[in-house]
Amino acid sequence: MVDLTQSRSALERVYTPGRFGVSSGQPGVMISERRHLTLIHIEHRDDDAESPLMIATAVGFPLPRAGQIAEKDGRRVLWLGPSRSLIITSGSSADGLSDAIASSATNAAVNDISSSRIVLRLSGPNARDVLASGCPLDLHESVFKAGMTATTNVDHYTALLDCIDTNTIDVYVARGYGVSFWQWLIEAAEEFGGKVLASS
Amino acid sequence: MLLIECPWCGKRAQTEFTYEGDATVKRPEDGDQAAFHAYVHLRENVTQWHDEMWQHTAGCRRFFKACRNVTTHEIIATAKPKGDLPDMSSGKITS
Ligand SMILES: [Zn+2]
């Protein structure tokens, strides 16, 4: 029997580990797809003061402030907008979390959207330069710092950026745009020399 | 590149935003045909400051208000939907 429940990356037919672009010296940017993540989208009314407390109890810590990230015990919560958050988690930290939030914060909309995004980790000294070539957000390391998040445009695709540290940014793009975004990304990275790493 | 200040996200590039219409019209309470005609179709043809609805489409997705000079494209202020914009009816910057 085939396993029809097995998840497949939208990038499967284009994702090839190895060097590309300028081949001399160290690669300026490393790209690695993060697969098998659990993404939980939460939204509640602005005038609902109770839901954020119930969500915090289920997650284990308070929701982040505007533009910020909160993280603990393998659960990373990104601010998406007023009264909207995205939880990134995996493995045992993800087990039952969506149901726990939904049954605790009964007035919030809780949706598992794990299959709806491709997630790429860009790292290396030119990771910010690659993104900046298609993104209007100020990505200078003194402005967009570790622990900050923003939804913006990257080459006309709506992209969620998660700043991990000075040289590392995670990019979330809608799954249906995955291959198109990938093609833009590879072309943008060529001038710095790139390396596709094994997916995680 | 024009920068627009989202009340939640701060200054962002114009390309992240969508114009969503005149912020000075108010939906009629009752079903009066003439009032609805005016609400849907009739607009002032202003040349200076105009209160507008905008949406941070590629960001937090929220609607907000902006006071924009339709000739120079200068945006003097933005506010949350229930917030206040400066009164620019005299045509001068008073703030
Ligand atoms: Zn915004």
Side-chain angles (χ1 to χ4, degrees), chain A residues 41-48 52 63-69 77-86 109 111 113 116-117 131-140 142-145 147-163 171-174 177 180-181 184, chain B residues 1-29 39 49-87 95:
Chain A
H41 182 275
I42 309 172
E43 182 162 15
H44 59 81
R45 288 174 59 113
D46 288 346
D47 58 4
D48 177 1
L63 296 175
R65 289 179 294 116
Q68 304 286 313
I69 291 159
V77 185
L78 278 58
W79 182 88
L80 293 182
S83 310
R84 276 199 313 131
S85 310
L86 184 68
N111 289 294
I113 59 163
S116 76
R117 300 284 189 279
L131 282 177
S133 68
C135 176
L137 195 72
D138 189 345
L139 290 170
H140 193 272
S142 66
V143 178
F144 192 59
K145 302 176 198 167
M148 292 175 71
T149 180
T151 305
T152 181
N153 284 327
V154 179
D155 187 44
H156 305 287
Y157 303 102
T158 298
L160 173 65
L161 305 183
D162 174 352
C163 188
V171 186
Y172 295 72
V173 178
Y177 293 136
S180 302
F181 179 77
W184 171 82
Chain B
M1 179 71 76
L2 188 66
L3 294 176
I4 299 175
E5 179 137 7
C6 168
W8 290 275
C9 303
K11 281 200 171 74
R12 295 290 194 90
Q14 163 199 358
T15 49
E16 292 185 9
F17 297 87
T18 310
Y19 172 68
E20 296 287 0
D22 191 334
T24 65
V25 291
K26 199 165 181 295
R27 186 186 169 89
E29 295 286 337
Y39 166 66
W49 296 99
H50 190 221
D51 291 356
E52 301 171 333
M53 295 304 299
W54 283 73
Q55 189 188 8
H56 194 188
T57 12
C60 67
R61 299 190 196 156
R62 283 294 166 121
F63 280 71
F64 62 93
K65 291 194 292 198
C67 180
R68 185 175 70 98
N69 187 309
V70 299
T71 303
T72 66
H73 294 306
E74 181 186 359
I75 293 175
I76 192 80
T78 55
K80 294 178 183 179
K82 287 179 180 171
D84 291 320
L85 290 172
D87 180 6
S95 58

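Letters A, B, ... are given to chains in the order of the sequence lines, protein chains preceding strands, and every chain is numbered from 1. Predicted model, so just to flag it, every value in this text is computed and none were measured.
- Contact count versus chain B (heavy atoms, under 4.5 Å) is highest, among Thr158(A), Leu160(A), Asp46(A), for Asp46(A).
- Among residues two or more places apart in sequence or in another chain, the salt bridge (charged side-chain N to carboxylate O under 4.0 Å, His left out) test is passed with Glu43(A) by none.
- Contact between Pro136(A) and Glu16(B) at its shortest, heavy atoms only, is CG-OE2, 4.0 Å.
- When the shell of 6.0 Å around CZ of Arg84(A) is examined, it contains more than 12 heavy atoms from other residues, nucleotides or ligands.
- The minimum heavy-atom distance between Thr15(B) and Asn153(A), with the atom names listed, is O-ND2, 3.4 Å.
- When heavy atoms are compared at a cutoff of 4.5 Å, Ala66(A) approaches chain B solely by way of its side chain, counted from C-beta outward.
- Note that the NE2 atom of His56(B) and the OG1 atom of Thr151(A) stand 8.0 Å from one another [nearest 0.5 Å].
- Of the possible polar contacts, one joining the Arg62(B) side chain to the Pro82(A) backbone as a donor-acceptor pair under 3.5 Å is found.
- Residue Thr152(A) comes nearest to Arg12(B) through the heavy atom pair CB-NH1, 4.2 Å, listed as atom of the first residue, atom of the second, then distance.
- Few gaps surround OH on Tyr157(A); more than 12 heavy atoms of other groups in view lie less than 6.0 Å from it.
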